[in-house]
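Below is one structure, written out as structure tokens, with a few remarks after it.
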Amino acid sequence: MTTQLWIEGGNRLSGQVDVQGAKNGVLPILAATVLTRDVCIIENCPRLSDVEASVRILRHLGCTAWWEDGALVADTTNMDRFDIPDDLMREMRSSVIFLGAILARLGAAELSYPGGCELGPRPIDLHLRALRELGAEIEDRGGCLRCRAAGLQGTELTLALPSVGATENAILAAVGARGTTIICNAAREPEIVDLQRFLNACGAWVRGAGSSTIMVEGGATLHGCAHRCMGDRIVAATYLCAAAAAGGEARLTGVDYRQLSTVTAALTEAGCRIRSEPRGIAIERAGRLRAIRPVRTAPYPGFPTDAQAVLMAALLRSQGATVFVENIFENRYRHVDEMIRMGADIRVEGRVAVVCGVESLRGAVLRATDLRGGAALAVAALSAQGESTISCTEHIDRGYEDLARDLTALGAKIRRIQA
Ligand code: UD1
């Protein structure tokens with residue numbers, strides 16, 4: 001028996017949801033806990049399969065971790081291993097963020113490549129280059145990485161691309177290095193600001209996250225802390241797009257609307273009414289949506305690649321044609337064929353997708369192809385006539401605590417079923 005999502009579309013939404021903690025924020029923070037040799041309490045930690053995968057890595061390393069009153073507690077005092085086995089590495093791409101942290105703590109790390117993923121090749125050359133510049137010796141033996149660092153040394157390094165993961169790995173290694181590190185062309189994502197907040201609460205000295213230049217004064221002895229994770233801006237974008245697709249209204253709490261500005265600008269241009277609120281954001285959609293100017297994904301503060309699929313889902317029934325340009329990943333239109341099954345009119349050519357709005361969509365038997373693409377199918381199904389089912393929901397569970405629970409709270413007809 002496998003779990004599927006069952007959705008009956010065509011119903012307007014009305015409701016409120018408190019948005020879960022951010023997956024992309026908490027994963028590097030869980031890696032960062034190994035720098036502390038202490039107990040860290042991670043509040044608002046989302047319960048996701050990717051978080052469970054991080055917990056399995058922590059336990060393998062000799063740490064303990066448990067859930068307590070909705071928080072994840074990690075005790076890294078007795079960490080005594082520096083290797084991550086291949087099966088744990090393959091479970092989740094972000095496992096590579098443990099590299100900088102393990103190296104900083106123990107002076108050695110052994111792990112395999114996280115491998116490609118459903119979005120196309122995901123190289124880690126920038127991660128490795130940054131760690132080498134900090135003094136790590138890294139040997140690549142057939143996909144198995146042996147890393148040694150007698151003592152990491154702070155330096156000035158420039159990332160060729162503002163990679164989120166490479167920036168995080170560099171920060172974690174720099175916290176354990178002697179002296180000052182300056183990371184130029186750093187990624188500016190809000191999740192990196194949350195990592196900085198966590199590290200500084202543990203006694204580290206990190207400044208500049210959120211800008212392109214991050215400075216780290218390494219070598220401090222870190223202690224544990226209690227940290228509350230930021231709200232998940234991509235989950236929030238998903239629910240905004242769900243309300244835009246289905247019509248009606250939704251209120252989201254627990255997210256910072258400023259982090260959603262490109263998504264809300266697109267939805268406003270399409271005809272939604274959006275209000276910022278002290279603790280969140282509210283959306284209302286009455287008439288039919290309109291097509292919008294080209295949506296080009298870009299590193300933050302540009303339009304997030306992770307919100308491309310859900311925005312596309314919201315615009316399937318808009319008036320006119322919208323062009324999407326995916327600039328971050330090579331293979332990020334895998335949801336398109338599934339949307340076409342519902343009657344969508346989408347043409348893809350390389351990195352460009354053109355969505356011509358149709359009058360109506362019909363429910364269909366669908367398969368989630370990846371995390372955000374899977375969530376986008378649920379968004380599309382909300383605006384389709386009749387019933388849809390979505391299989392391969394394990395992709396969706398990597399990043400959404402309980403998509404059916406949250407969309408139900410917003411008034412959608414959606415259930416998990418066993419098939
Ligand atoms: C993170 C997010 C992911 C999001 C992505 C882009 C997490 C856990 N994941 O992934 O949800 O979609 O940012 O916003 O935070 N690149 C290289 N060499 C490298 C590293 C990256 O060429 O060593 C390229 C990638 O192929 C990609 C681009 O840089 O084209 C951006 O990737 P990156 O920012 O590193 O994404 P992730 O950190 O993997």
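- Here the side chain of Ser212 pairs no donor or acceptor atom with the backbone of Asn185 at under 3.5 angstrom.
- The line from CD1 of Ile171 to CD of Gln196 is 7.0 Å long, rounded to the nearest 0.5 Å.
- The pair Glu326-Arg351 does not count as a salt bridge, with every side-chain nitrogen at least 4.0 angstrom from each carboxylate oxygen.
- The backbone N or O of Gly248 sits nowhere less than 3.5 Å from a side-chain atom of Ser14 that would complete a donor-acceptor pair.
- Between Glu338 and Arg367 there is no salt bridge, since none of the side-chain N atoms of the basic residue sits less than 4.0 Å from a carboxylate O of the acidic one.
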Please assess Arg275 against Glu277 for the test salt bridge (Lys or Arg N to Asp or Glu O under 4.0 Å), listing each intermediate value before the final yes or no.
CA-CA 6 Å; Arg275 268 193 333 272; Glu277 299 194 332; 3.1 Å; yes
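- For the atom pair CZ of Arg398 and OG of Ser94, the computed distance is 7.5 Å after rounding to the nearest 0.5 Å.
- Of the residues Val73, Val26, Val51, the one that meets the side chain to side chain contact (heavy atoms under 4.5 Å, CB included) test with Ile42 is Val26.
- Using a distance-only test at 3.5 Å, with no hydrogens or angles considered, a donor-acceptor pair links the side chain of Asp38 to the main chain of Gly224.
- In this structure a side-chain-to-backbone donor-acceptor pair under 3.5 Å is missing from Asp256 to Gly231.
- Between the side chain of Ser388 and the backbone N or O of Ala381, no donor-acceptor pair lies under 3.5 Å.
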Does the salt bridge (Lys or Arg N to Asp or Glu O under 4.0 Å) test come out yes or no for Asp86 and Arg90, once each step is laid out?
CA-CA 6 Å; Asp86 193 52; Arg90 283 179 193 272; 2.8 Å; yes
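- Ionic pairing of Asp306 and Lys23 is not present here: no N-O contact between side-chain nitrogen and carboxylate oxygen is shorter than 4.0 angstrom.
- Minimum heavy-atom separation, Gly210 to Arg188: O-CB, 3.6 Å.
- Atom CZ of Phe82 is separated from atom CG of Asp80 by 10.5 Å, given to the nearest 0.5 angstrom.
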Start with the C-alpha distance between His395 and Asp370, add both sets of side-chain angles, then the distance that settles side chain to side chain donor-acceptor pair (under 3.5 Å), and finish with yes or no.
CA-CA 5 Å; His395 290 297; Asp370 60 88; over 6 Å; no
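- Side-chain contact check for Arg317 and Ser360: no donor-acceptor pair (N or O, by modelled atom type) lies under 3.5 Å.
- Between Arg288 and Glu359 there is a salt bridge, since at least one side-chain N of the basic residue sits less than 4.0 Å from a carboxylate O of the acidic one.
- No hydrogens or angles considered: nothing links the side chains of Tyr400 and Asp232 as a donor-acceptor pair under 3.5 Å.
- In this structure, Leu199 and Ala32 approach most closely via the heavy-atom pair CD2-CB, 4.0 Å.
- Applying the side-chain hydrogen bond (donor to acceptor under 3.5 Å, both in side chains) criterion to Thr77, with sequence neighbours excluded, gives Asp75.
- The closest donor-acceptor contact from the side chain of Glu43 to the backbone of Ala71 lies at 3.5 Å or more, if one exists at all.
- Here Arg56 does not pair with Glu52 in a salt bridge; the nearest charged N to carboxylate O distance is not below 4.0 Å.
- Side chain of Arg415 to main chain of Ala404: no donor-acceptor pair is present (N/O by atom type, distance under 3.5 Å, no hydrogens or angles).
- Arg197 and Asp194 are joined by a salt bridge, as a carboxylate oxygen and a charged side-chain nitrogen come within less than 4.0 angstrom of each other.
- A cation-pi geometry, defined here as NZ or CZ lying under 6.0 Å from the six-membered ring centre and within 45° of its normal, does not hold between Arg416 and Trp6.
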Verdict with supporting geometry, Glu401 and Arg47, salt bridge (Lys or Arg N to Asp or Glu O under 4.0 Å)
CA-CA 6 Å; Glu401 269 191 350; Arg47 284 197 181 232; over 6 Å; no
CA sep, side-chain torsions, deciding dist, call: Asn24, Val164, side chain to side chain contact (heavy atoms under 4.5 Å, CB included)
CA-CA 10 Å; Asn24 290 353; Val164 177; over 6 Å; no
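- Applying the side chain to side chain contact (heavy atoms under 4.5 Å, CB included) criterion to Asp406, with sequence neighbours excluded, gives Val17, Tyr239.
- Remark: the backbone N or O of Pro46 is not paired with any side-chain donor or acceptor of Gln20 at under 3.5 angstrom.
- With His60 contributing its side chain and Asp83 its backbone, the two residues share a donor-acceptor pair below 3.5 Å.
- Interatomic distance, CG of Asn200 versus CZ of Arg207, reported as 5.5 Å (0.5 Å rounding).
- Inspection of the Thr253 and Asp18 side chains reveals an N or O donor paired with an N or O acceptor under 3.5 Å.
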Is there a side chain to side chain donor-acceptor pair (under 3.5 Å) between Thr393 and Thr3? Walk through the geometry before answering.
CA-CA 7 Å; Thr393 52; Thr3 303; 5.0 Å; no
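- By the 4.0 Å N-to-carboxylate-O rule, Glu191 lies close enough to Arg233 to be salt-bridged with it.
- Using modelled atom types, no side-chain atom of Arg372 and backbone atom of Val310 make a donor-acceptor pair closer than 3.5 Å.
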